[in-house]
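Numbered from 1 within each chain, the chains take letters A, B, ... in sequence-line order. Every value quoted in this text rests on a predicted model; they were computed, and no experiment measured them.
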Amino acid sequence: MFNDKVIDHFMNPHNAGDMENPDAEGTIGSPVCGDIMQIFLKIEDNIIKDVKFKTFGCGSAIASSSVATDMIKGKSIEDALKITNKDVVDELGGLPSQKVHCSVLSEQAIKTAIYNYAKKHNLEFEGLKGFNPDYDPHEHHDE
Amino acid sequence: MFNDKVIDHFMNPHNAGDMENPDAEGTIGSPVCGDIMQIFLKIEDNIIKDVKFKTFGCGSAIASSSVATDMIKGKSIEDALKITNKDVVDELGGLPSQKVHCSVLSEQAIKTAIYNYAKKHNLEFEGLKGFNPDYDPHEHHDE
Amino acid sequence: MKEVYLDYSATTPVKKEVLDAMLPFFINSYGNPSSLYKKGREAKAAISDARKKIADLIGASEREIIFTSSGTEADNWAVKGAAYGNSHKGNHIITTKIEHHALLHTCEFLADNGFEITYLDVDQYGMINLEDLKNAIKENTILVSIMLVNNEIGTIQPIKEIGKITRNHGILFHTDAVQALGNIEINVDDMNIDLLSISSHKIYGPKGIGALYINKKIKIPNFIHGGAQEYQKRAGTENVPGIVGFGKAAELAKENLAEHIEKLTHLRNYFVDTILEKIEEVTLNGHPQKRHPGNINMTFSYVEGETMLLYLDVQGISASSGSACSSSSFQASHVLKAIGIPLENALSSVRFTIGDFTTKEDLDYVIDTIVTIVNKYRKISPFYKEKKG
Amino acid sequence: MKEVYLDYSATTPVKKEVLDAMLPFFINSYGNPSSLYKKGREAKAAISDARKKIADLIGASEREIIFTSSGTEADNWAVKGAAYGNSHKGNHIITTKIEHHALLHTCEFLADNGFEITYLDVDQYGMINLEDLKNAIKENTILVSIMLVNNEIGTIQPIKEIGKITRNHGILFHTDAVQALGNIEINVDDMNIDLLSISSHKIYGPKGIGALYINKKIKIPNFIHGGAQEYQKRAGTENVPGIVGFGKAAELAKENLAEHIEKLTHLRNYFVDTILEKIEEVTLNGHPQKRHPGNINMTFSYVEGETMLLYLDVQGISASSGSACSSSSFQASHVLKAIGIPLENALSSVRFTIGDFTTKEDLDYVIDTIVTIVNKYRKISPFYKEKKG
Ligand SMILES: Cc1ncc(COP(=O)(O)O)c(C=O)c1O
Ligand SMILES: Cc1ncc(COP(=O)(O)O)c(C=O)c1O
């Protein structure tokens, strides 16, 4: 069902755990959907210096978060915002179709964290245009 | 399903075939029921000297006729009339329950032949009391 | 003693390759295909593979094949499903007088529940008349169900033409292809079929598994409700070894189809010709050409069928009086009646069906035995008068 | 890699003795049981023998066992049959909120077709309340269907008492005993049961075969129409190897019942006690005593169930999130919801089911793996706050 890379990221997720005093934080999902995702960011000069995630979610959600957090670490906020759900899935080498929606969760959690950061600091990012932090990934990716 | 004695009588039936100038003849059943049985008798001094049968019927009907004709050969008419369907089945060593009705056919054919003989010669036999030549064995032995 | 099995239309032995394909799924890969772990995924993949092979054999696509427990269940589902799923449009169903009991008794059930059934007549060969069909179609007709190959006399119906008529009228068309599968070419698209029933144990696969082809353009309500198996169309833990066996049997059937048909046709003709040459007053029932390649249904006048079957059985030969499921009560077959055979002749008819393991030697043995039987029991038949000279 | 199968309630491997009993019926004794010749009679005798063994296991008589293709088909037949067969008397059916989907979806179908269904609540252990049942019975109640053993949490219902109530009211009583068979004592007469569903693949028999017990005093209409098989109650060529395998499995289950229950109970208790000792904030779901001897359903708070199952799978361990047939969509189980478990906990629950091939070593390996998983994923759970000190 899952390829080795997915399994590896699932079993040994990168950037998982807590962060003391994050500069930005985003939470998405709810236990009602069966999964919840939190992202913590350290941001310096518009660069994502560090990232951590926590999740109560399935293996695909964990693996996606592991890869997605790797991908944004060290990037500028604008560049991080350019990373799509599809990029994450590609980086993982593919997910079963009924699991693709789980990868949306990490993308959305990152955007939410940056959205909160932007709000707090009164910033605007091109990549956040049209972003709605109350978006529910489950409604759009049902089979 | 069938014991060896039944199979043996079925495959090598005794007293099967035609008879020239029989003294008595009885036919029972009809192709509508799937079987028909004919009995021919030579009778001398109330003794059944010879007997033949013909049938379009199943294996059990053939085996029963083979045994029944053996049983009446050489007997007086009154003694022959005493032979019941059960005696025939016993002599065969048993028949499957759904096949017992086939053995009734030979008993009834013999009685019919004697009935016809009695009528022709104006005789009366104790063993024919209550006998109805239009009796249909299939109506009474259905499963 | 020699044993000759000539009842391939009743059921077939499982081919060794088929059993070999099934064996891993009993003790090792025994997982429930709905389970997410490895053993479950193995089972699921095996089902998908089998489904493809079966789809291939009839020119369907994988998602159009839904496994059932038998041809009978497929017939029940197709006909009841089409009936109840379209009861808002009408309540009239057209079928024939020569269908298998799985179809006829399902129709009787529907007739008891407010549906109206027309049973088409057939000619002396067992063929329906396309004009009769056209005339039978009414405003409220919702389903036509006509079998592809008859199980007793082997007659093949003009399915493609029937399908054209039903498509023109926008009526669903089901065909019972249980006897056709693996014995004639089937292509569901070319034949304009909406629903088609098949069964594994007639093509050298295991018993207890069948399938219903449901054209992807149509929908019928479920028959067995429960878990989400079979694209949520038929509930119940999948019979994995059975499905795998059916798949393998279908694969072999596709590979061998031309050869199989040729071999059976050849043996069948040899048998029929030899019998007709050696015995008088014998007739072949069913269509002379348009018939199942392995089917021989003959009337041996004056000899009762059950007598013949019993004698054959004692000699190690398996044959039947028509459909296996009614053979415990020897009655005149509804099919022989429908083709107009008089009752005595119907009761004097026996079906021999040839299959992949039949040899010419087998047939010679059977022919000799038949000659013996006919001679023996005609002599003691009240109807028979020997033709002298 | 080590492989440990702990999903015996989803399905079981076929025991070697069972497969050995089945094998002759594929390639040699392949006759159609309806056929009159030797090969047919052999198959018929084998079916009768299997039927006796299954009847023996539940205290029934031979004629009361009718083979079906699965537990699901038996459930469908029992409930639809009882419903339509008694629709002149009423249209009300009582069942529970924790039935298998085979039952629930059948009831939904009936609800769509004019029947009225009452779903009884259960307490925190999954037990129904007999007073609730009595209060639910109305003038128009025609059927009570309550499962014997729940498949997710293992709870055993007070079937005998339920049967007393239904008998007093002259209402038919069906029980889904698919999980109970071979795992607890069953006696249909003692338990006042009218209809009972069972399935072979849960007791080390093959998939694709089940049975419905129909008390000889009652009659329900047929579900699958066609040939005269199964005392004319269920049509379709019999799955002879499947039936023979089911029979053998039933024979073994009867012989080993006491030992089986003892062994499973012992291993189950060891597993539960060790887990509870090693991991905090874990609970056992279902009834503490009145439960299936091999069933372990536990909530590992803060760890998502599918994560746990995937990790276990990678380590060669097969377990499930409840009923196999819904596990392709990980949703909170209707059973856990019915016993009042909050959603997050329901999503953190996993079912392990122990069987005849499970060893203590297997369980130690699984326990160690679970400890690793829980430690690892609780750390990254947004809900979890480690208790310090
Ligand atoms: C309680 C219960 N009922 C019914 C079924 C369905 O039985 P089957 O898998 O034979 O269709 C199952 C198992 O899947 C079950 O656990
Ligand atoms: C034409 C036809 N339809 C349906 C069936 C029933 O199929 P199954 O034996 O798989 O129930 C048969 C064979 O028994 C058949 O010959």
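- Using a 4.5 Å heavy-atom cut-off against chain C, the contacting residues of residues 80-88 of chain D are D/K80.
- Heavy atoms of D/K39 lying under 4.5 Å from chain C belong exclusively to its side chain.
- Within the 4.5 Å cutoff, no side-chain heavy atoms of D/S199 are placed close to those of C/T237.
- Taken to the nearest 0.5 Å, the CD1 atom of D/I224 stands 11.0 Å off from the CG atom of C/D75.
- If you tally non-hydrogen atom pairs under 4.5 Å between each of D/T106, D/N222, D/I243, D/I27 and chain C, the highest count goes to D/I27.
- When C/K15, C/M22, C/E73, C/H201 are compared by the number of non-hydrogen pairs under 4.5 Å with chain D, C/H201 comes out ahead.
- No donor-acceptor distance shorter than 3.5 angstrom exists from the side chain of D/K207 to the backbone of C/N32, with no hydrogens or angles considered.
- Using a 30° and 60° split on the angle between ring planes, C/F223 and D/F223 fall in the parallel class, below 30°.
- Per-residue heavy-atom pair counts under 4.5 Å with chain D were compared for C/S318, C/P241, C/C107, and the maximum is reached by C/S318.
- How far CD of C/E238 is from OG of D/S70: 10.0 Å, rounded to the nearest 0.5 Å.
- Of the inter-residue distances, the one linking D/R41 atom CZ with C/D313 atom CG reads 4.5 Å to the nearest 0.5 angstrom.
- For D/F67, no part lies under 4.5 angstrom from a heavy atom of chain C.
- The most heavy-atom pairs under 4.5 Å with chain C, out of D/P33, D/G31, D/P221, D/G40, come from D/G31.
- Put simply, the side chain of C/H105 gets close to the backbone of D/G226: a donor and an acceptor are under 3.5 Å apart.
- For D/S29, no part lies under 4.5 angstrom from a heavy atom of chain C.
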